[in-house]
Amino acid sequence: MHVPFNLAADLDAALKRAATVASIADASAFSPEVRTAEARHGDFQANGVLGHAKARKLNPRALAEQIVGAIDPALGENYVVSIAGPGFINFALKPAALLAWLRTFDSAALLRAGAAAARAEQTWVVDYSSPNTAKQMHVGHLRSAVIGEAICRLLAFTGARVIRDNHLGDWGTQFGKLIFAYKRWVDPQALATDAIEELERLYKRGNDATPDGSPELEEARRELVKLQNGDPESVALWQKFSDVSLAAFQEIYDRLGIAFDHCLGESFYRDQVDRVYRELAETKLAEVSDGALVVFHPEHPRFKTQPFLVRKADGASNYASTDLATALYRTDHFKADGIVVVTDFRQADHFEQLFLTVGKWFTATARRQPELHHVTFGAVTGEDGKALKTRSGDVIKLKALLDEAVERAFALVTEKNPDLTESERRDIARIVGVGAVQYADLSQNRSSNYVFSWDKMLALDGNTAPYLLYAVARIHSIFRRAGAVPGDPSIESGATPPETPEEITLARRLTKFPDAIRLASETLRPHHLGLYLFELAGDYSSFNSADKVLVDDPAIRARRMMLCARTLLILETGLTLLGLRTLTRM
Ligand code: ARG
């Protein structure tokens with residue numbers, strides 16, 4: 001029996017063919033919209049008939065009957081097909097088809113191959129984390145890094161060549177002040193022990209020492225001009241600031257499992273902005289207003305009067321100029337089919353204006369148009385709803401936050417599993433602690449504000465990393481007890497189709513993995529995958545309490561071992577896609 005990987009996508013195609021065979025009105029415009037159904041409606045549901053009928057003043061129920069009548073009869077081997085309500089088409093997988101799916105997709109490589117068709121041959125550039133240099137990363141920098149990495153992995157899993165680009169904020173007026181302060185007050189001792197801490201101190205001091213209108217500010221400006229003109233001493237200092245910053249950031253990235261392909265910050269584009277000004281002027285998209293170069297968008301309710309400022313009146317470039325040059329570089333040099341930028345929602349206007357401008361500019365210059373996505377997220381707040389701060393009111397450094405997570409996880413592991421050696425517990429705590437922080441962020445819709453709660457993220461029940469990692473560890477322990485390797489075909493041979501209600505529920509859930517991947521990667525919202533994994537772990541837990549796995553009957557044992565192995569495979573694959581590391585014991 002042949003079964004495709006993505007059952008929903010396959011049904012979608014089958015219904016489109018049926019619509020053509022039945023020659024319904026406007027068959028080529030028919031979009032079946034097959035999605036994972038709520039369990040009581042079977043496995044998958046097509047609700048596209050309703051919209052298609054409504055737009056053409058047809059009877060939806062009759063239209064559904066016409067389409068179902070023309071479905072390829074071979075589909076009936078795998079599904080019970082029915083029409084419900086005003087014209088929904090429901091599909092319930094037969095047990096033999098469930099078994100066939102579970103038998104077929106039995107390795108990470110096959111899951112990957114199945115999912116990879118969606119974005120095959122595409123190149124996507126993902127711009128995430130992208131902190132400003134000469135400052136430490138604090139808790140506000142967590143979301144972009146964590147969400148961005150999950151998106152990279154989802155895009156890669158769905159077939160894209162992914163270019164991870166850390167667009168550092170490493171250019172701008174602040175460097176004049178920093179050089180000014182560095183030359184006067186650097187503490188070599190402090191620089192040697194914690195360089196980024198020292199730079200941050202100098203940066204603040206430089207800021208305080210250069211109030212508006214002061215001679216110090218003039219001096220800082222001269223430092224900036226020297227840097228911009230390529231004065232070797234200034235450039236060497238600036239380079240040092242970047243190197244030191246990146247080294248500090250890298251420690252955090254290592255802990256989060258992030259490896260960038262490029263760190264092309266704002267400075268990389270400083271010589272590319274002139275071309276942007278020229279092209280925007282030549283294509284008449286930009287105009288000079290009060291000395292500045294600006295782009296209006298007359299069709300937009302706000303941006304028709306509130307322009308996109310692409311060059312300041314004093315001739316200096318700004319965030320918009322470098323971002324325009326960046327879009328050009330990613331399109332021309334990387335040949336990007338898609339560009340994703342991950343920042344908090346406060347930059348929404350900037351990116352809306354940027355993307356509108358890029359669209360018109362690339363049209364006017366006959367360039368290819370990559371898909372542009374600004375992936376936004378809400379703020380990180382404490383449980384009181386206010387910005388998360390330390391007791392003394394400072395911002396929380398990301399390094400300290402991750403350390404605390406690991407410490408708390410260590411206490412949890414020690415309580416749960418006191419018999420493990422200390423070094424084992426430390427290793428587990430690193431994965432559980434960092435995973436808890438990552439997953440707390442990824443488990444909720446990124447558009448919402450994210451309430452940071454140690455107790456919630458470290459809870460062993462609920463939609464948390466410890467719960468999911470524990471489910472993984474528990475399945476490994478079953479295989480250890482059975483003396484078997486998960487996925488070894490010999491322990492699954494002779495498996496019969498799922499029979500008990502819990503086996504069936506679990507098997508059905510497993511077949512929905514491709515649709516969860518599709519949803520999360522199409523919407524660039526990893527929480528859809530998180531929710532799916534949580535539901536899968538719940539179904540597994542019900543199965544595990546209802547049905548003993550290591551029974552004597554070889555057929556039952558084989559199919560239950562298969563269900564365990566497939567749950568494990570999909571949980572591990574899914575958690576890895578979210579950027580988490582998994583464990584074999586916990
Ligand atoms: N450095 C910016 C910040 O800290 C984020 C940069 C995002 N990427 C971009 N191409 N603008 O807010």
Side-chain angles (χ1 to χ4, degrees), residues 102 105-112 150 153 157 254-257 405-439 442-443 457-492 506 509-510 513 529-530 532-534 536-541 543-545 547-550 557-558 560-586:
L102 294 173
F105 300 102
D106 65 351
S107 70
L110 283 171
L111 296 182
R112 187 170 289 276
R153 292 179 185 209
F157 194 73
D254 289 344
R255 297 176 74 174
L256 294 172
V406 172
E407 272 320 306
R408 285 175 181 260
F410 182 70
L412 183 83
V413 178
T414 304
E415 189 188 307
K416 188 113 190 110
N417 227 333
D419 300 335
L420 297 174
T421 66
E422 155 132 23
S423 99
E424 280 173 321
R425 280 178 283 134
R426 291 258 170 237
D427 288 344
I428 294 172
R430 261 194 294 280
I431 293 176
V432 175
V434 175
V437 171
Q438 292 171 301
Y439 192 76
L442 294 170
S443 60
M457 74 177 73
L458 285 162
L460 271 166
D461 48 15
N463 190 9
T464 66
Y467 173 73
L468 292 170
L469 292 172
Y470 188 60
V472 167
R474 244 178 28 161
I475 305 177
H476 275 289
S477 84
I478 291 179
F479 284 94
R480 277 195 297 273
R481 261 186 287 141
V485 177
D488 175 352
S490 70
I491 53 171
E492 296 176 7
L506 176 60
R509 180 78 67 190
L510 289 165
F513 175 66
L529 176 57
Y532 167 79
L533 297 174
F534 174 58
L536 173 61
D539 291 338
Y540 175 78
S541 166
F543 155 76
N544 199 60
S545 3
D547 299 324
K548 197 166 175 310
V549 175
L550 302 178
R557 184 181 166 115
R560 292 187 181 164
M561 289 289 263
M562 179 184 68
L563 285 167
C564 289
R566 245 30 118 244
T567 305
L568 181 62
L569 172 68
I570 289 183
L571 282 176
E572 286 182 335
T573 304
L575 288 169
T576 306
L577 283 174
L578 293 177
L580 275 72
R581 281 169 264 224
T582 59
L583 300 150
T584 54
R585 62 179 87 228
M586 188 172 144

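For reference, positions follow the sequence shown, starting with 1.
In terms of the side chain to side chain donor-acceptor pair (under 3.5 Å) criterion, Gln438 has no residue partners (sequence neighbours excluded).
With Tyr470 contributing its side chain and Ala465 its backbone, the two residues share no donor-acceptor pair below 3.5 Å. At least one donor-acceptor pair closer than 3.5 Å links the side chain of Arg480 to the backbone N or O of Thr584. With hydrogens and angles disregarded, a donor-acceptor distance shorter than 3.5 Å links the side chain of Asp488 to the backbone of Ser490. With Thr573 contributing its side chain and Leu569 its backbone, the two residues share a donor-acceptor pair below 3.5 Å.
Rounding to the nearest 0.5 angstrom, the gap separating the OG atom in Ser443 from the CG atom in Leu529 is 11.5 Å. Distance CG/Leu468 to CG/Leu460: 11.0 Å, rounded to 0.5 Å. The OG1 atom of Thr567 sits 12.0 Å away from atom CZ of Phe513, with the distance rounded to the nearest 0.5 Å. Taking CG from Leu571 and CG from Leu536, the interatomic distance works out to 4.5 Å, rounded to the nearest 0.5 Å. The NZ atom of Lys416 lies 7.5 Å from the CE atom of Met586; values are rounded to the nearest 0.5 Å. Within the model, atoms CG of Leu442 and CG of Leu580 stand 7.0 Å from one another, a figure rounded to the nearest 0.5 Å.
Both tests do not hold together for Arg566 against Phe105: distance to the six-membered ring centre under 6.0 Å, angle to the ring axis within 45°.
Smallest separation of non-hydrogen atoms from Arg425 and Leu420: NE-O, 3.0 Å. Summarising the geometry of Gly530 relative to Asn463, their closest heavy-atom pair is O-OD1, 4.0 Å, with the distance given to 0.1 Å. Closest of all the heavy-atom pairs between Arg474 and Asn544 is NH2-ND2, 3.6 Å. Heavy-atom minimum distance, Asp254 versus Arg581: O-NH2, 3.5 Å. Here the closest non-hydrogen pair linking Val485 and Phe479 is C-CD2, 4.0 Å. Closest non-hydrogen pair, Cys564 versus Ile475, comes out as O-CG2, 3.5 Å.
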Q: Test side chain to side chain contact (heavy atoms under 4.5 Å, CB included) on Tyr439 and Leu469 and set out the steps.
A: CA-CA 11 Å; Tyr439 192 76; Leu469 292 172; over 6 Å; no
Q: Go through the steps for Met561 and Leu550 under the test side chain to side chain contact (heavy atoms under 4.5 Å, CB included), then give the verdict.
A: CA-CA 8 Å; Met561 289 289 263; Leu550 302 178; 3.8 Å; yes
Q: For side chain to side chain contact (heavy atoms under 4.5 Å, CB included), just list the numbers for Tyr540 and Leu563, CA-CA rounded to whole Å, side-chain angles, deciding distance to a tenth of an Å, and then say yes or no.
A: CA-CA 9 Å; Tyr540 175 78; Leu563 285 167; over 6 Å; no
Q: Begin from the C-alpha positions of Glu572 and Val472 and carry the test side chain to side chain contact (heavy atoms under 4.5 Å, CB included) through to its verdict.
A: CA-CA 7 Å; Glu572 286 182 335; Val472 167; 3.6 Å; yes
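Contact of the Arg557 side chain with the Val549 side chain is not registered, since no non-hydrogen atoms from C-beta on lie closer than 4.5 Å. The shortest side-chain heavy-atom distance between Thr576 and Arg153 falls under the 4.5 Å cut-off.
The pair Arg430-Glu407 does not count as a salt bridge, with every side-chain nitrogen at least 4.0 angstrom from each carboxylate oxygen.
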